[in-house]
Asks: 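First, the structure itself, so that you have it in front of you.
None of the values given here were measured: they were computed from a predicted structure.
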Amino acid sequence: MSVLVNGSATKEFKVLRGLHQGDPIFPFLFVIAMEGLSALMKKLVEVGDFKPFKYGEEDYVDILQLADDTVTIGEPTCDNLWNMKVLLRGFELVSSLKINIHKNNFFGIHIGEWLSISETSFLSCKKGSFPFKFLGVWVGEGANKRRVWKDVVTNIKSRFSTWKGRNISIGGRVTLIGLVLSAIPIFTLSFFKAPSKVIQEIRGLLSNFLWNGNANKRSIHWVK
């Protein structure tokens with residue numbers, strides 16, 4: 001199709017229909033497209049072109065996906081890297097989605113420094129280091145480390161700064177603790193077992209907020 005601009009015909013162009021940013025149907029279409037990447041990876045493993053990470057005789061992990069976050073896990077071999085690059089390029093051509101390689105990170109475990117450098121150069125991505133945060137959870141960090149629970153405690157304390165505890169009835173405080181504050185650590189607790197000191201600190205904050213309205217000020221607990 002072509003149009004007239006200032007009396008002259010323009011070059012031919014295709015008439016396409018896309019989605020505007022913020023369109024409610026876009027997330028569903030994106031998830032459907034990403035299912036294609038998962039299917040391609042599964043086929044690559046079936047034909048033996050990609051060696052996934054095995055944690056048993058028959059069990060392995062090759063790709064993990066959540067929305068627009070994707071993690072591929074495999075053996076540190078040159079064949080895996082080459083086939084991975086071919087897979088991503090083929091997915092771009094099929095789906096018309098552009099993969100930003102420069103935002104990707106490569107993490108190596110028990111591999112040489114020279115291999116890590118060559119692999120990041122081959123994939124044109126950045127070299128990541130452990131520990132790192134993925135989907136709100138620290139990866140490569142022990143559950144007893146303070147860093148794992150620092151964000152959880154900070155998130156709970158940030159809620160107190162926006163609430164005027166003394167202006168809320170004790171029934172309202174109980175509701176806030178049960179529906180909001182107690183739900184904050186659940187996601188992290190589904191992955192790690194919290195140390196006793198962290199549990200005591202969280203309980204202290206909730207108890208002070210319940211009985212005094214101020215989490216940072218100690219108060220008398222009328223009920224155990």
Asks: Could you check whether atom NZ of Lys54 has more than 12 heavy atoms from other residues, nucleotides or ligands sitting under 6.0 Å from it?
Replies: no

Asks: How long is the straight-line distance from CD1 of Ile199 back to CH2 of Trp149, given to the nearest 0.5 Å?
Replies: 7.5 Å

Asks: Taking C-beta and beyond as the side chain, do Val152 and Phe187 meet within less than 4.5 Å on heavy atoms?
Replies: no

Asks: Are Val71 and Tyr55 connected in a single hydrophobic cluster, I mean Ile/Leu/Val/Met/Phe/Trp/Tyr linked by side-chain heavy atoms less than 4.5 Å apart?
Replies: yes

Asks: Measuring from Met84:CE to Asp62:CG, what's the distance to the nearest 0.5 Å?
Replies: 8.5 Å

Asks: Let me confirm one number: the CG-NZ distance from Asn83 to Lys51, rounded to the nearest 0.5 Å.
Replies: 10.0 Å

Asks: When you measure from the side chain of Gln65 to the backbone of Met34, do you find a donor-acceptor pair of N or O atoms at a distance under 3.5 Å?
Replies: yes

Asks: Answer whether the closest heavy-atom distance between the side chains of Asn104 and Lys126 falls below 4.5 Å.
Replies: no

Asks: About how many Å separate CG of Leu64 and CE of Met41, when rounded to the nearest 0.5 Å?
Replies: 10.5 Å

Asks: Shared ILVMFWY cluster between Val94 and Leu37, side chains joined below 4.5 angstrom?
Replies: no

Asks: What distance separates Cys125 SG from Lys85 NZ, expressed to the nearest 0.5 Å?
Replies: 9.5 Å

Asks: For Leu44, is there any backbone N or O sitting under 3.5 Å from a side-chain donor or acceptor partner on Asp49?
Replies: no

Asks: Of all the heavy-atom pairs spanning Ser182 and Ile177, show the shortest one and how long it is.
Replies: OG-O, 2.7 Å

Asks: Would a distance-only check, ignoring hydrogens and angles, find a side-chain to backbone donor-acceptor pair under 3.5 Å from Asn80 to Pro76?
Replies: no

Asks: Looking only at heavy atoms, which two atoms of Tyr60 and Pro52 are closest? And how far apart?
Replies: CD1-CG, 3.4 Å

Asks: Carefully, step by step, assess Ile156 and Ile202 under the rule side-chain contact (heavy atoms from CB on, under 4.5 Å).
Replies: CA-CA 8 Å; Ile156 293 175; Ile202 294 176; 3.9 Å; yes

Asks: Distance check, rounded to the nearest 0.5 Å: Glu201 atom CD versus Ser196 atom OG?
Replies: 11.5 Å

Asks: Looking only at heavy atoms, what is the nearest atom pair of Gly74 and Phe50, with distance?
Replies: CA-CZ, 3.9 Å

Asks: Just checking Lys127: does its NZ atom have more than 12 heavy atoms from other residues, nucleotides or ligands closer to it than 6.0 angstrom?
Replies: yes

Asks: Is any side-chain heavy atom of Thr72 closer than 4.5 Å to a side-chain heavy atom of Leu87?
Replies: no

Asks: Has Ser158 got a side-chain atom pairing as donor or acceptor with Asn155's backbone, closer than 3.5 angstrom?
Replies: yes

Asks: If you define the side chain from C-beta out and look only at heavy atoms, does anything of Ile73 sit under 4.5 Å from Ile63?
Replies: no

